[in-house]
Amino acid sequence: MSRKTWTAVDDYIVASLFEPDPVLDAVLAANRDHSLPAIDVSAAQGKLLSLLVRIGGARKVLEIGTLGGYSTIWMARGLPADGKIVTLELDPHHAKVARSNFERTDVSGKVDLRVGPALQSLAALSDENAGPFDLIFIDADKPNSPNYLDWAMRLSRSGTVIVCDNVIRDGDVVNEDGRDANVEGARAAFSFIGGDRRLDGTAIQTVGAKGYDGFAIAIVD
Ligand code: SAH
Ligand code: DHB
Ligand code: MG
């Protein structure tokens, strides 16, 4: 089984289940035009995030790692009319592209994009009593994942759903001789979720247009 098949199946999922989506097509085209790395979630994964927002009835979402806002838009679409998503991005160029992408959508009024190191933005959100968030999506610099999980706990309530992207990394998460900082970050996320008695979690391995990776999903008790 190859990435070619995984991509064809992702295309089949999209063609079978999703409406044509010129807005998100334009977002991905803008990301390419502005040389953003193509590390957004896939369409199938974005729809999963949107469904998780709806399934949990989330009204307040926090995202760490915006890039061009592709996953932000998927999650914002799952929010009710009065819902809000705060999304945190370090890179001003990514943030600028994301901001103009939000303007292409009908959810821009729900998005609060904050530029700067996420650890600083998280401290500011805590100072503002911006929490508790109903769903938190962690998808930024992987070595900081345990720090982001720590902040996620502080900005949570009982029932908050926490999703962590890129925790499988081609299976390298079980490859002991890998010393890649991103893989170490994935392992640290597993240790955090496994070690915190307030968290009940699992991880789902995914294949598709974005290769072989996966999400960790946990709920705060
Ligand atoms: N969630 C996006 C992809 C995010 S890629 C999507 O699926 O569409 C990871 C993003 O995290 C990049 O844009 C990167 O600039 C950002 N990032 C890296 N380090 C960061 C930090 N310390 N604080 C905030 N954002 C950071
Ligand atoms: C990388 C980051 C991501 O968030 C992702 O989904 C895929 C790859 C990376 O930094 O390599
Ligand atoms: Mg990711």
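Atoms within a ligand are numbered from 1 in the order they appear, just like the ligands themselves. This chain uses plain numbering: 1 for the first residue, then up along the sequence.
A side-chain donor-acceptor contact under 3.5 Å links Lys110 to the backbone of Pro80. When atom types are taken as modelled, the side chain of Thr206 and the backbone of Asp213 share a donor-acceptor pair closer than 3.5 angstrom.
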Step by step, work out the side chain to side chain contact (heavy atoms under 4.5 Å, CB included) result for Val111 and Thr72. CA-CA 8 Å; Val111 180; Thr72 321; 4.0 Å; yes

Evaluate side chain to side chain contact (heavy atoms under 4.5 Å, CB included) for Lys210 paired with Asp10, printing each intermediate quantity in order. CA-CA 9 Å; Lys210 298 291 174 161; Asp10 254 356; over 6 Å; no

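Residue side and main chain included, Asp40 places no N/O/S atom under 2.8 Å of the Mg ion (ligand 3). With 2.8 Å as the limit, Asp165 counts as an N, O or S neighbour of the Mg ion (ligand 3). Contact annotation: Asn166 places an N, O or S atom under 2.8 Å from the Mg ion (ligand 3).
Electrostatic pairing of Arg114 and Glu89 does not count as a salt bridge here, judged by no charged N lying under 4.0 Å from a carboxylate O.
Proximity to Ser71 (heavy-atom distance under 4.0 Å) selects the following atoms of ligand 1: 1 (N), 2 (C), 6 (C), 7 (O), 8 (O). Residue Glu63 approaches ligand 1 through these ligand atoms, each under 4.0 Å from one of its heavy atoms: 1 (N). Near Pro117, meaning under 4.0 Å from one of its heavy atoms, ligand 1 places the atoms 23 (N).
Counting non-hydrogen atoms of neighbouring residues, nucleotides and ligands closer than 6.0 angstrom, the CZ atom of Arg54 reaches no more than 12 such neighbours. Heavy-atom contacts from other residues, nucleotides or ligands closer than 6.0 Å to CZ of Arg104 number more than 12. Atom NZ of Lys84 has more than 12 neighbouring heavy atoms from other residues, nucleotides or ligands inside a 6.0 Å radius.
Within the 4.0 Å heavy-atom criterion, the part of Tyr148 lying near ligand 1 is the side chain and not the backbone. With a 4.0 Å heavy-atom cut-off, ligand 1 is reached by no atom of Asp165. Residue contacts with ligand 1, taken as heavy atom pairs separated by less than 4.0 Å, involve Ala118 via backbone and side-chain atoms alike.
In this structure, atom 20 (C) of ligand 1 lies nearest to the protein heavy atom Asp141 OD1, 3.4 Å. The protein heavy atom nearest to atom 5 (S) of ligand 1 is Ile39 CD1, 3.6 Å. Of the protein's non-hydrogen atoms, Val41 N, 2.9 Å is the one closest to atom 7 (O) of ligand 1. Protein heavy atom in closest approach to atom 14 (C) of ligand 1: Glu89 OE2, 3.4 Å.
Under the side chain to side chain contact (heavy atoms under 4.5 Å, CB included) criterion, Gln205 pairs with Ile168, Tyr212, sequence neighbours left out.
The atom name of the N/O/S atom in Asp139 closest to the Mg ion (ligand 3) is OD1.
The distance between the ring centers of Trp6 and Tyr12 does not fall below 6.0 angstrom.
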Which protein N or O atoms sit under 3.5 Å from any N or O of ligand 2? Give atom names and distances.
from, atom 1, to, atom 2, distance (Å)
ligand 2, 4 (O), Asp139, OD1, 2.7
ligand 2, 4 (O), Lys142, NZ, 3.2
ligand 2, 4 (O), Asn166, OD1, 2.9
ligand 2, 6 (O), Ile39, O, 3.2
ligand 2, 6 (O), Asp165, OD2, 3.3
ligand 2, 6 (O), Asn166, OD1, 3.0
ligand 2, 6 (O), Asn166, ND2, 2.8

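Each salt bridge (Lys or Arg N to Asp or Glu O under 4.0 Å) pair with one or both residues in residues 197-209, not counting sequence neighbours, appears once here: Asp196-Arg198.
To the nearest 0.5 Å, atom CZ of residue Phe137 and atom OG1 of residue Thr66 are 10.5 Å apart.
Considering Ile64, Asp40, Leu28, Leu90 only, the shortest heavy-atom separation from atom 26 (C) of ligand 1 involves Leu90. Between Asn101, Leu67, Asp139, Val97, it is Asp139 that holds the heavy atom closest to atom 9 (C) of ligand 1.
The shortest N or O to N or O distance between Ala140 and ligand 1 is not below 3.5 Å.
Side-chain contact annotation: Asp172 with Asn182, donor-acceptor N/O pair under 3.5 Å absent.
Residue Leu119 shares its hydrophobic cluster (ILVMFWY side chains chained together at separations under 4.5 Å) with Leu62, Ile64, Val86, Leu88, Leu122, Leu125, Phe133, Ile136, Ile138, Tyr148, Leu149, Trp151, Met153, Leu155, Ile162, Phe192, Ile193, Leu199, Val220.
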